[in-house]
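Note sheet for the following structure.
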Amino acid sequence: MPKLTYTTHLGMFDILPDESPKWRALENIIHEEAAKFNFEEIRTPILEQTELIKRGVGQLTDIVAKEIFAFTKGDSNYVLRPELTAPVVRSFVEHHLDQRGGSQKLYYIGPMFRAERPQKGRQRQFHQFGVEIIGSDDPVADVECIAFMMQIYRRIGIKNFDLKINSVGDPESREKYKSVLRDYLKPNFEELSELSQKRFEKNPMRILDSKEPEDQEFIKNAPVIRDYLNEDSSNHFELVCEYLNKLEIDFTIDPLLVRGMDYYTRTAFELTSPDLGSQDALAGGGRYDLLVEEIGGQPTPAVGFAAGMERLFIACEELDIALAPPKEVDVYIVTLGGAARTWGLTTLPKLREHGISATMDYLGRSMRAQMKDANRENANYTLIVGDNELEKGEFTLRNMKESEEDSFTLDGIIAKLA
RNA sequence: GAGCCUGUAGCUCAGUCGGUUAGAGCGCUAGUUUGUGGCACUAGAGGCCGUGGGUUCGAUUCCCAUCAGGCUCCCCA
């Protein structure tokens, strides 16, 4: 390969013209479905204060410990956002969105950045869409959030997935459970994996998430958090499950589901797909009732999820789902000679004015080459203009799909195609 | 941070058991039709065979290093 001087950074990708239609198609679906759910879009800066992410996501998480892109400029510490829950909550607090009344039903689409080793389904710049419902502790909010997530995949036609849910409890339940879990693991502490040993004190629940073979035996028989939930959290979880059943959303309760961010409380859920390979999470989320206060707002319950767009595309490819139709243009004006070329250039806006997409050759090519180009551009019609047509005021309109052509005045063509 | 794998035309890949001008398919340009696309045929453009060093009379081919990329672990979307 001839050496390129400038390339994208590792794990970062251009979305090229052949790819961009499917991105737009997905974005359109998200916007449309969000509108049906009455979610409102929020857009926040790519850069946030480093401290926000550290506080919001958690100092001990892998994301903060080793995956953030951060730099200092002047007196400010900047970080490329690794996720959007903390920034959205920051915005909610900063702009007093609670004053709009009710609960805020927000959604977002955009790029995130994590400094990980890239692999299939994992890039350094990647894209998520997601929802944050801030201001409600009702299980209805949890379930609407999940329902929205599922609706996106249902509409696209991805059906082959597994929705897992769990409750990670409220602080009171969790402290109780953590000590039970430590007591359970303690006799075998030395046999746990190195990583699990590190997590034992500060975050023993993450041990449940371990994939280390030596941990599995202990995880299998570990006490289950559901048995230690207090009444409120237990009722909350029961209701979430009940509502999901009522909505006929299939799920499995996974007592080992523990999510990576520190801010989760009560409901946690994850959508995985067997079509993705190693990085199999399509989307994940949960409730974070303490985060708003942590970031400096009034105590405010909230729930949300984030979904990976690249991973959704991988699943689409595996399932042969085309999100966007092939490109096409209504009219390609083929010109012969200088007068015709000028006519073509001035006719383009007249067609476009009537909502007809139109283009022509920019390279002064032969008619044959223009026809080939029209074919490549997937033109529905070619409008062929030479001296004959200019004289008569009637132009040849060729239907490229049917391979038939006829003569029309320009008004006739516009009437036919508009 | 660790493991495995790969670097030959725009893309996907052959190939040289080390030896004069490095190949295919697709794509691109043009022609066969100086007013007509998709099919076909013909021609053309496009590669210091990732980079540096070593072995050798000779390296794209062997060895070492380096850079880049991919997959996997970890973790997450």
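Protein chains get the first letters and strands the later ones, always in sequence-line order, with residue 1 at the start of each. Atom set for the values below is all heavy atoms of this structure, side chains included, hydrogens, waters and symmetry mates excluded.
- Comparing B:rA22 with B:rC48, their P atoms are spaced 12 Å from each other, to the whole Å.
- Spacing between atom CG of A:Leu312 and atom P of B:rC76 amounts to 21 Å, rounded to whole angstrom units.
- Taking the P atom of each, B:rU66 and B:rG1 are spaced 15 Å apart, rounded to whole Å.
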* To do: Using Watson-Crick or G-U wobble pairs with both distances under 3.5 Å, give me RNA chain B in dot-bracket, 5' to 3', with [ ] for crossers and | for pairs to another strand.
  => (((((((..((((.....[...)))).(((((.......))))).....(((((..]....))))))))))))....

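- One atom, CD of A:Glu67, and another, P of B:rC75, lie 11 Å apart when rounded to the nearest Å.
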* Asked: Could you walk me through whether A:Tyr288 and A:Ile134 pass the side chain to side chain contact (heavy atoms under 4.5 Å, CB included) check?
  -> CA-CA 9 Å; A:Tyr288 48 94; A:Ile134 307 177; 4.2 Å; yes

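- A salt bridge does not link A:Glu310 to A:Lys120: none of the charged nitrogens lies less than 4.0 Å from a carboxylate oxygen.
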Tabulated below should be each protein N or O lying under 3.5 Å from an N or O of nucleotides 26-29 of chain B; please produce it.
from	atom 1	to	atom 2	distance (Å)
B:rC28	OP1	A:Arg376	NH1	2.5
B:rU29	OP1	A:Arg365	NH1	3.4
B:rU29	OP1	A:Arg376	NH2	3.4
B:rU29	OP2	A:Arg376	NH1	3.3

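- For the P atoms, the distance from B:rU34 to B:rU16 is 46 Å, rounded to whole Å.
- Side chain A:Asn375 to base B:rG37: a donor-acceptor pair is found below 3.5 Å.
- Taking atom P in both B:rC5 and B:rC17, the straight-line distance is 24 Å, to the nearest Å.
- Following rounding to the nearest Å, A:Leu26 (CG) and B:rA77 (P) show an atom-to-atom distance of 17 Å.
- The environment of A:Glu294 atom CD is dense: over 12 non-hydrogen atoms of other residues, nucleotides or ligands sit within 6.0 angstrom.
- With A:Tyr177 contributing its side chain and A:Pro223 its backbone, the two residues share a donor-acceptor pair below 3.5 Å.
- Spacing of P atoms, B:rC4 relative to B:rG23, comes out at 37 Å, to the nearest Å.
- Residue A:Thr382 is the one, among A:Thr382 and A:Leu271, whose nearest nucleotide of RNA chain B lies closer to the 5' end (criterion: closest heavy atom).
- For A:His127 and B:rC76, the NE2 to C1' distance is 17 Å, given to the nearest whole Å.
- Residue contacts for A:Gln123: at a heavy-atom cut-off of 4.0 Å it reaches a base atom on one of the strands shown.
- Nucleic acid contact for A:Glu270: none, since no nucleic acid atom lies under 4.0 Å from a heavy atom of the residue.
- Using a 3.5 Å distance cut-off with no hydrogens or angles, the side chains of A:Arg341 and A:Thr335 do not pair a donor with an acceptor.
- Each of B:rG37, B:rA77, B:rG35 was ranked by its minimum atom distance to the side chain of A:Asn388; first place goes to B:rG35.
- A:Glu404 has its CD atom 15 Å from the C1' atom of B:rG38, to the nearest Å.
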* Take A:Glu33 and A:Lys36, measure what salt bridge (Lys or Arg N to Asp or Glu O under 4.0 Å) needs, and give me the verdict at the end. => CA-CA 5 Å; A:Glu33 295 301 324; A:Lys36 291 184 198 168; 3.1 Å; yes

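- In this structure, A:Lys159 forms no cation-pi arrangement with A:Tyr153, as its terminal cationic atom is not both closer than 6.0 Å to the ring centre and no more than 45° off the ring axis.
- A side-chain N or O of A:Glu389 and one of A:Thr396 form a donor-acceptor pair less than 3.5 Å apart.
- No hydrogens or angles considered: a donor-acceptor pair under 3.5 Å links the side chains of A:Asp142 and A:His236.
- For the pair A:Arg122 CZ and B:rU72 C1', the computed distance is 10 Å after rounding to whole Å.
- Side-chain N/O atoms of A:Asp170 and A:Thr265 include no donor and acceptor closer than 3.5 Å.
- Comparing the same atom, C1', in B:rU29 and in B:rG10 gives a spacing of 13 Å after rounding to whole Å.
- Across B:rG53 and B:rG58, the matching P atoms stand 15 Å from one another, rounded to whole Å.
- Here A:Glu328 contributes atom CD and A:Asn380 contributes atom CG; the two are 4.5 Å apart, rounded to the nearest 0.5 Å.
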Distances for protein N/O vs nucleotides 65-70 of chain B N/O pairs under 3.5 angstrom?
none

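- Counting non-hydrogen atoms under 4.0 angstrom, A:Glu310 reaches nothing in the nucleic acid.
- Residue A:Glu389 contributes atom CD, which lies 8 Å from atom C1' of B:rG35 at whole-angstrom precision.
- A:Glu83 is listed as a side-chain neighbour of A:Val57, based on a closest heavy-atom distance under 4.5 Å.
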* Where do A:Glu40 and A:Lys105 land on the salt bridge (Lys or Arg N to Asp or Glu O under 4.0 Å) test, with the steps shown first? -> CA-CA 6 Å; A:Glu40 297 177 280; A:Lys105 302 166 59 176; over 6 Å; no

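- A:Gly130 comes within 4.0 angstrom of nothing in the nucleic acid, heavy atoms only.
- Of the candidate nucleotides B:rG37, B:rG35, B:rA77, B:rG37 has the atom nearest to the side chain of A:Ser403.
- Comparing A:Gly386 and A:Arg114 by the nucleotide of RNA chain B that holds the closest heavy atom to each, the one mapping nearer the 5' end is A:Gly386.
- Spacing of C1' atoms, B:rG38 relative to B:rG27, comes out at 16 Å, to the nearest Å.
- Heavy atoms of A:Ala374 sit nowhere under 4.0 angstrom from any nucleic acid atom.
- In this structure, A:Ile152 atom CD1 and B:rA77 atom C1' are separated by 15 Å, rounded to whole Å.
- Listed nucleotides B:rA77, B:rU36, B:rG35 differ in distance to A:Glu405; the shortest reach to its side chain belongs to B:rU36.
- For the residue pair A:Asp330 and A:Tyr381, no side-chain donor N or O sits within less than 3.5 Å of a side-chain acceptor on the partner.
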